[in-house]
Amino acid sequence: MPRPLPSLNALLAFEAAARLGSVSKAAVELHVTHGAVSRHIRSLEEELGLALFQRQGRGLALTPAGQRLRDTSTAAFAQLRDTVESLRPEASHTPFVLGCPVSLLARWMIPRLERLMADLPSLDLHLRPQEAPFDDALGGLDAAVLAGEAPWPASWRVRPLVRERIGPVASPEFAKAHRLAGRSPEAILELPLLHTQSRPRVWSSWAQAIGVAPAQLSMAQGYPHLYHLIEAAVAGRGLAIAPEPLVADDLASGRLVAPWGFVDSSAQWVLATPSRMPAERSEALALWLKAEFNRQAG
């Protein structure tokens with residue numbers, strides 16, 4: 001006869017602390033005290049007769065046994081939550097709040113919103129612009145679309161959508177005035193380069209990718225957000241640097257040109273959701289976003 005499981009409260013406390021890497025964060029998530037989480041973990045270790053955590057500097061590290069139990073318990077609790085959530089009649093009718101950087105919202109999401117709503121009619125999508133970095137809890141959001149790099153917060157479930165591609169763009173008049181067609185990328189060393197405070201290293205990233213020394217670049221006017229940077233390029237103010245999805249519609253309409261195309265950056269576009277949230281609704285959105293990004297790239 002199988003032995004009974006340890007206390008579910010103890011398993012919940014352990015799983016939260018192991019996933020978040022912190023007893024304090026687990027206590028906040030579970031709405032209990034730090035001491036309560038510590039007692040649950042200690043009682044679980046005593047019942048199992050082995051250590052699940054070990055001290056590492058000022059923090060905690062999982063033992064091999066703790067890693068095994070974390071992987072199994074996290075998967076089991078996630079599946080249980082998904083099933084329970086799907087059984088609630090009101091779950092599919094609650095708004096799905098999606099956070100996006102302002103530039104992505106204005107230049108990519110809103111132009112595609114009608115098609116998204118037609119393809120996913122059961123998703124009551126509410127869009128929320130956000131320019132500040134997303135916090136580890138994705139507070140107030142069901143999901144967020146963003147470009148970034150690993151490592152991601154342990155409290156996120158991250159679905160990769162597409163590798164970010166970046167490149168210089170300018171108005172056709174600016175490109176013609178500086179005869180950019182057919183010139184090598186080194187021509188940027190002679191041109192005013194527009195930049196943004198929200199992506200301060202993006203010009204350097206592009207320059208390194210094509211073999212130009214970033215120190216040789218000459219920065220001109222700066223703008224607070226990527227949205228303003230792209231609009232400045234459309235207005236003929238100079239050469240901007242932008243992610244391909246955010247300027248694809250402008251390239252198609254002829255408002256912008258990309259003299260040297262686009263190169264892969266070190267970032268990728270992802271859909272991030274709180275790891276404790278049911279995956280059912282966000283999964284459909286992730287598939288739609290991935291297909292749309294790839295359709296556009298193709």
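Computed from a predicted structure; not experimentally measured.
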* Please state whether the rings of His228 and His225 are parallel, tilted or perpendicular, taking 30° and 60° as the class boundaries. =>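 If you compare the ring of His228 with that of His225, the planes turn out tilted.
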
* Asked: Which class fits the ring pair Phe293 and Trp269: parallel under 30°, tilted 30 to 60°, perpendicular over 60°?
  ->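 Phe293 vs Trp269 ring planes: parallel.
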
Is there a side-chain contact between [X] and [Y], using heavy atoms and a 4.5 Å cut-off?
{"X": "Leu246", "Y": "Tyr227", "value": "no"}
{"X": "Leu141", "Y": "Phe96", "value": "no"}
{"X": "Ile230", "Y": "Leu256", "value": "yes"}
{"X": "Trp156", "Y": "Thr273", "value": "no"}
{"X": "Ser266", "Y": "Glu164", "value": "no"}

* To do: Using distance alone, with no hydrogens and no angle criterion, decide if Gln54 and Thr63 have a side-chain donor and acceptor under 3.5 Å apart.
  => no

To the nearest 0.5 Å, what is the distance between [atom1] ([X]) and [atom2] ([Y])?
{"X": "Phe14", "Y": "Leu62", "atom1": "CZ", "atom2": "CG", "value": "5.5 Å"}
{"X": "Met117", "Y": "Asp119", "atom1": "CE", "atom2": "CG", "value": "11.5 Å"}
{"X": "Arg201", "Y": "Ile241", "atom1": "CZ", "atom2": "CD1", "value": "14.5 Å"}
{"X": "Leu226", "Y": "Glu231", "atom1": "CG", "atom2": "CD", "value": "10.5 Å"}
{"X": "Ser265", "Y": "Trp206", "atom1": "OG", "atom2": "CH2", "value": "14.0 Å"}
{"X": "Leu12", "Y": "His40", "atom1": "CG", "atom2": "NE2", "value": "8.5 Å"}

* When you measure from the side chain of Ser275 to the backbone N and O of Arg157, does any donor-acceptor pair fall under 3.5 Å? ->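 Looks like no, no N/O pair under 3.5 Å.
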
* Asked: Taking Arg112 for the side chain and Trp108 for the main chain, is one N or O donor matched with an acceptor at less than 3.5 Å?
  -> yes

* Asked: Hey, quick one: are Leu105 and Val97 part of the same hydrophobic cluster, counting side-chain heavy atoms closer than 4.5 Å, chains of contacts allowed?
  -> no

* What pairs meet the side-chain hydrogen bond (donor to acceptor under 3.5 Å, both in side chains) rule with one or both residues in residues 171-194, with sequence neighbours excluded? -> Arg183-Glu190, Ser184-Glu186

